[in-house]
Protein chains: 2
Amino acid sequence: MQKKIVSELNPNVSVDCVIFGFDLEKLNVLVIDRGENQLAENVRLALPGNLIYNNENLEQAAYRVLEELTSLKDIYLEQIGAFGDPNRICKEADRAWLQSIRAEPEARVITVAFFSLVKMEDYMPHAASFAKNAAWIPANEITDLAFDHYDILQAARNKLKEKIKIQPIGFNLLPEKFTLSQLHKLYESILDKELDKRNFRRKVQKLDILTQLNEKQEGVPHKPSELYKFNEEKYQEITQNGYDNFGF
Amino acid sequence: MQKKIVSELNPNVSVDCVIFGFDLEKLNVLVIDRGENQLAENVRLALPGNLIYNNENLEQAAYRVLEELTSLKDIYLEQIGAFGDPNRICKEADRAWLQSIRAEPEARVITVAFFSLVKMEDYMPHAASFAKNAAWIPANEITDLAFDHYDILQAARNKLKEKIKIQPIGFNLLPEKFTLSQLHKLYESILDKELDKRNFRRKVQKLDILTQLNEKQEGVPHKPSELYKFNEEKYQEITQNGYDNFGF
DNA sequence: GGTCTGTGTGTCATTTTTACACTTTCAAAT
DNA sequence: ATTTGAAAGTGTAAAAATGACACACAGACC
């Protein structure tokens, strides 16, 4: 009696997405609100995620789920890893919630987590499906989330920390035009430590992957900053010749 | 109609293990032979792996499966990630093989891969269960494996490369007492590039995590080398004070 | 005693890192 | 018009890390 593989939900495997945004001040994370009013906020909030279909790969599933829940699409996702503790679904509120949305709410689920970096301005989330709301929350203000999502978030932050030491992915979080101070703040937010301003600027300039736009910030109540943009071509050129030290 | 979670195999989730060993010359990988004589060797070989039980976490499952198939136990496993392409089971030989060992051979399976480093001398594998044989194979001689195991192996090697630049995990691959040349060769095998001998030795010595044993190699047809051992206490001490630059 | 083979060692030039403080420019308030 | 506040922008010197490079030594074996 062998089951044919069809496009049906797999009750045992889900995907979750940690989407980072940067509001030019601090790191934010996209969370959905499950909207059960009687619950405290921290247990209502969850990472966008859901079960996968049997005919899609993990990354596709993550894209789909993310778009279904938050309307975000066309963003690059990178895998963090699998989270599969048998009692990752132990909180009562989580169990109750699953009862309301899953066909097999008691099934053992392992989840594969992904993360991404987006420009917050480009991706204003709109909640849909079982997400009653979708919103950016400052990463440092999150103290708990549904299921094991808080652990996943921490793993994502660590992964991001490691990755940004090697690749200049931070630019994905910034608007097209940005100042060196904004970039500086971004690195400090991600690495969670202070970086000397002059040393940081020297290092960035040595990388030689920024184009100075000869435009200045406007409307700021202080000396306006030069604007820069990320130079993708230059970056390709450099990395193709085997350079990979973008460390901070 | 809700299913009770019991200790049964989950048909949709498996674990696979990439176990690295070092024979003082080159990097080896532990593979099992599925032993179907009519098949070419490269498709007979696979990473040790199998479905998980619903009541165990992913790491426990990996330990259990590894021990069941190869008799190796008590080793530290680190997750590589999840591999879940819907057609990762596309080769005819693999499908046929699954028919013979699985209750639901056509089920969609996503696998979570782990890797580990062991001292080859301590872990002479003995095949069991559906593994007809378990053996160390030089990593560079492997050109193909069952399922997507070759991809998993490559991912493991990359992970190892990244990790060894940050943590001195290489010592797990060496015998208790080892020479600097052996350590040197190990790093060259993993990083897949030559390292200058004197610079390498200088760097290791600056790390200050080796204890010189004041013993020499015996029975070698050349000047015998000094023997060293890894100094765990020193390492703890250093890392606890927030030092993390073990890069090569 | 000679040969073979891997061991073990030092220096110098260059690059990278770290620590550190003051002047400039604009907007807003007076 | 002047002052004030707030972030932008800039240089240097000392210390540390890196990279390139060549030859004498010790033991095994013949």
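Proteins come first, then strands; the chains are lettered A, B, ... in the order of their sequence lines, and each starts at number 1. Fair warning: this is a prediction, and the values are worked out from it, not measured in the lab.
Using a 30° and 60° split on the angle between ring planes, B:Tyr235 and B:Phe230 fall in the tilted class, from 30° to 60°.
The NE2 atom of A:His222 sits 12 Å away from the P atom of C:dC26 (whole-angstrom rounding). In this structure, CD of B:Gln205 is placed 15 Å from P of D:dA17, rounded to the nearest angstrom. D:dT18 atom P lies 19 Å from atom CD of B:Glu194, rounded to whole Å. If you measure from atom CD of A:Glu215 to atom P of C:dC26, you get 15 Å, rounded to the nearest angstrom. Counting to the nearest Å, the P atom of D:dG11 and the NZ atom of A:Lys206 are 15 Å from each other. D:dA8 atom C1' lies 16 Å from atom CD of A:Glu218, rounded to whole Å. Whole-Å rounding puts the A:Phe200 CZ to C:dA19 C1' distance at 18 Å. Spacing between atom CD of A:Gln182 and atom C1' of D:dA8 amounts to 12 Å, rounded to whole angstrom units.
Residues B:Val220 and A:Glu226 each lie close to DNA chain D; by heavy-atom proximity, the contact nearer the 5' end of the strand is made by A:Glu226. Comparing A:Pro224 and B:Lys216 against DNA chain C, the residue whose closest nucleotide sits nearer the 5' end is B:Lys216. Looking at which nucleotide of DNA chain C each of A:Asp196 and A:Gly219 is closest to, the 5′-most match is held by A:Asp196.
Among the nucleotides D:dA28, C:dG8, C:dT16, the one closest to any side-chain atom of B:Pro221 is D:dA28. Listed candidates were C:dG10, C:dT18, C:dT7. Nearest to the side chain of B:Asn199 is C:dG10.
Neither OP1 nor OP2 of C:dT7 sits under 4.0 Å from any side-chain N or O of B:Lys197. In this model, the phosphate group of C:dG6 is not approached by any side-chain N or O of B:Ser225 to a distance below 4.0 Å at OP1 or OP2. Side-chain N/O atoms of B:Lys203 include none lying less than 4.0 angstrom from OP1 or OP2 on D:dA17.
For C:dT18, its base sits under 3.5 Å from the side chain of A:Arg202 at one donor and acceptor pair at least. Interface remark: the B:Lys223 side chain does not form any donor-acceptor pair with the C:dG8 base, using a distance-only criterion of under 3.5 Å. In terms of polar N and O atoms assigned as donor or acceptor, the side chain of A:Arg198 never comes within less than 3.5 Å of the base of D:dA8 in a complementary pairing.
Under the 4.5 Å side-chain criterion, counting only non-hydrogen atoms from C-beta, A:Leu77 is in contact with A:Tyr63. Here the side chains of A:Phe115 and A:Ile19 are not in contact, with every heavy-atom distance at 4.5 Å or above.
Among the atoms of the strands shown, only primed sugar atoms or phosphate atoms (P, OP1, OP2) are found under 4.0 Å from some heavy atom of A:Ser181. Counting non-hydrogen atoms under 4.0 angstrom, A:Gln217 reaches nothing in the nucleic acid.
A distance of 6.0 Å separates CD of B:Glu78 from NZ of B:Lys159, quoted to the nearest 0.5 Å.
For A:Arg34 and A:Phe147, the positive end sits near the middle of the six-membered ring, less than 6.0 Å away and at most 45° from its axis.
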